[in-house]
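Just below is one structure, and these are the notes that go with it.
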Number of protein chains: 2
Amino acid sequence: MNLNKNSKRRKELVAIAARLFCDQGYESTTVRMLADAMGIKSGSLFHHFNDKQEILFSVIEAGMQHAMQIATQAICELEQPRERLMALARAHLSTLLEDRDAHVVAIYEWRSLTEASRQELVKLRDAYESIWSQVIAECHGAGLIQGNQGLQRRLALGALNWTVQWYRPGVGLEPDDLAAELVAMVLREDACGK
Amino acid sequence: MNLNKNSKRRKELVAIAARLFCDQGYESTTVRMLADAMGIKSGSLFHHFNDKQEILFSVIEAGMQHAMQIATQAICELEQPRERLMALARAHLSTLLEDRDAHVVAIYEWRSLTEASRQELVKLRDAYESIWSQVIAECHGAGLIQGNQGLQRRLALGALNWTVQWYRPGVGLEPDDLAAELVAMVLREDACGK
DNA sequence: GTCTATACGGGGATAGAC
DNA sequence: GTCTATCCCCGTATAGAC
């Protein structure tokens, strides 16, 4: 077994798996399909991963780590709460679009993870959401909004995550317009968009 | 094959299937598990349904038809746009909770439907969403809100549908509070909740 | 690191008796 | 309408050569 989790080859394989899992679903994607798409035979797959579930885990883990990185970067140089919230919404949408495969898989295939894998990923997700909690708290502190912060965070992230169901970029609505409308909603400002 | 789609027996079977599909996922639920839960042998299942996919279709269809009925009923005697929107949000949440199994399945297992089944269900979904479009248009007409109506509908329905991921009734937050916060967000009113 | 070959189980679905 | 028996296929994973 190859245990080098950061090899370039491994990352390629994970990206290919993400694509197939996203398109056809985890359970409907066979190890033979995965191997085909990777240009190897199915037996060789198990040199890189212990089992199929580990591939799923790796796909989701990669997506979450990248999301975390983008979000942190997006807000680190901003100071105004409203700007930071907007940057966070934009960052969230842009990872949702760039790493769409991985995030769709994270949303749909959670159930197929082992309990141990789930627990590890929950930690990553919680860390990501705590960034949102932080920025929403800043908005409250600045008097931009009142009420139930946890609920507002969940409704906002829900509305954003649900975009994978319907949003396709380049068909009239730009990602930034979408983020702007969401922030306006959360902060109860007048509608901005078209 | 029993073709009576409205028999009481059939509805029971569909409800049982909804439960299993929701808990374990469609692909991971075998016809033998379904039969077990229904108290029959797997061969007998195919007297009621032509194939496994038809069971999935029936589960989702039932959930959507019920949602439509509840929504229509909820708003038919109301006249003020804001009241109608609130009633719609409450109705949506209550079907999401009452028929949770079916709606979770509708969200997660869409991919496993045949193209023909998908097309039929898309019609039902479109009909349901057009109720929302209508009421949101009324809110715009009354000057309660401006901007991109389709986007507002999608963000609102997204935030609501995403609640299946985190919301459990009876843990602090009542469904009506949730609906109220959502409506306040959509109409850009001051935060109402706790 | 990839191959071939294969084990082993369990999947959906059918046939025909009762 | 349910049963038993069974078909046939394809799923994941392993072993050992190269």
Side-chain angles (χ1 to χ4, degrees), chain A residues 1-60 105 108-109 111-117, chain B residues 1-60 105 108-109 111-117:
Chain A
M1 250 291 293
N2 179 0
L3 292 175
N4 181 0
K5 297 222 169 187
N6 292 319
S7 74
K8 195 179 163 191
R9 175 76 172 137
R10 167 119 174 181
K11 279 183 187 164
E12 288 169 9
L13 297 181
V14 168
I16 291 170
R19 176 90 179 279
L20 295 194
F21 289 162
C22 174
D23 288 350
Q24 337 198 0
Y26 172 74
E27 298 289 352
S28 306
T29 304
T30 69
V31 293
R32 290 185 239 260
M33 291 177 192
L34 289 167
D36 269 2
M38 294 168 181
I40 55 179
K41 299 295 174 183
S42 69
S44 310
L45 236 186
F46 294 92
H47 175 75
H48 301 278
F49 304 92
N50 284 307
D51 54 27
K52 192 188 172 193
Q53 187 268 165
E54 191 180 299
I55 310 180
L56 175 60
F57 173 83
S58 305
V59 166
I60 301 180
V105 170
Y108 284 114
E109 311 295 353
R111 232 180 343 218
S112 296
L113 294 163
T114 62
E115 189 52 37
S117 296
Chain B
M1 252 292 294
N2 179 0
L3 292 175
N4 181 1
K5 297 223 167 187
N6 292 319
S7 74
K8 195 178 163 190
R9 176 75 171 137
R10 169 119 174 179
K11 281 183 185 163
E12 287 169 9
L13 297 181
V14 168
I16 290 169
R19 175 90 179 279
L20 295 192
F21 288 161
C22 174
D23 288 350
Q24 335 198 3
Y26 172 75
E27 298 289 351
S28 306
T29 304
T30 69
V31 294
R32 290 180 237 265
M33 290 177 192
L34 289 167
D36 270 1
M38 295 168 180
I40 56 180
K41 299 295 175 184
S42 69
S44 310
L45 237 186
F46 294 91
H47 175 75
H48 301 279
F49 305 92
N50 284 306
D51 54 26
K52 191 188 172 194
Q53 188 267 163
E54 190 181 298
I55 310 181
L56 176 60
F57 174 83
S58 305
V59 165
I60 301 179
V105 170
Y108 284 114
E109 312 295 353
R111 234 183 340 221
S112 295
L113 294 163
T114 62
E115 189 52 38
S117 295

Could you state the [atom1]-[atom2] distance from [X] to [N], rounded to the nearest angstrom?
| X | N | atom1 | atom2 | result |
| --- | --- | --- | --- | --- |
| A:Leu34 | D:dA13 | CG | C1' | 14 Å |
| A:Leu45 | D:dT14 | CG | C1' | 13 Å |
| B:Leu20 | C:dG12 | CG | P | 12 Å |
| B:Phe49 | D:dG1 | CZ | P | 12 Å |
| B:Glu27 | C:dG10 | CD | P | 18 Å |
| A:Glu54 | D:dA13 | CD | P | 10 Å |
| B:Asn50 | C:dG12 | CG | C1' | 13 Å |
| B:Lys41 | C:dT14 | NZ | C1' | 18 Å |

Could you check whether [X] gets within reach of a base, just the sugar-phosphate, or nothing at all, counting any heavy atom under 4.0 Å?
| X | value |
| --- | --- |
| A:Arg32 | base |
| A:Lys52 | sugar-phosphate |
| B:Thr29 | sugar-phosphate |

Return the nearest nucleotide to the side chain of [X]; candidates are [options].
| X | options | result |
| --- | --- | --- |
| A:Phe46 | D:dA13, D:dG11, C:dG12 | D:dA13 |
| B:Ile40 | D:dC3, C:dT2, C:dT4 | D:dC3 |
| A:Asp51 | C:dT2, D:dA13, D:dG11 | D:dA13 |

B:Lys52 charged N/C atom sitting above B:Phe57 aromatic ring, 6.0 Å / 45°: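 No cation-pi geometry.
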N/O donor-acceptor pair under 3.5 Å between B:Thr29 side chain and B:Gly25 backbone: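 Side chain of B:Thr29 to backbone of B:Gly25, a donor-acceptor pair under 3.5 Å: yes, one is there.
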Under-4.0 Å side-chain N/O to phosphate OP1/OP2 contact, B:His48 with D:dT2: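 Yes, B:His48 has a side-chain N/O under 4.0 Å of OP1/OP2 on D:dT2.
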Phosphate-side-chain proximity, B:Arg10 and D:dG1, N/O vs OP1/OP2 below 4.0 Å: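 B:Arg10 to D:dG1 OP1/OP2: no side-chain N or O under 4.0 Å.
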Check against side chain to side chain donor-acceptor pair (under 3.5 Å), B:Ser112 and B:Gln53: CA-CA 7 Å; B:Ser112 295; B:Gln53 188 267 163; over 6 Å; no
Pair B:Ser28-A:Arg111, side-chain donor/acceptor within less than 3.5 Å: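 Checked: B:Ser28/A:Arg111 side chains show no N/O donor-acceptor pair below 3.5 Å.
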Position toward the 5' end of DNA chain C (nearest nucleotide), A:Ser44 or B:Ser28: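 This one resolves to A:Ser44.
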Side chain proximity check, B:Glu27 to A:Tyr26, heavy atoms < 4.5 angstrom: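 Side chain of B:Glu27 against side chain of A:Tyr26, heavy atoms only: no contact under 4.5 Å found.
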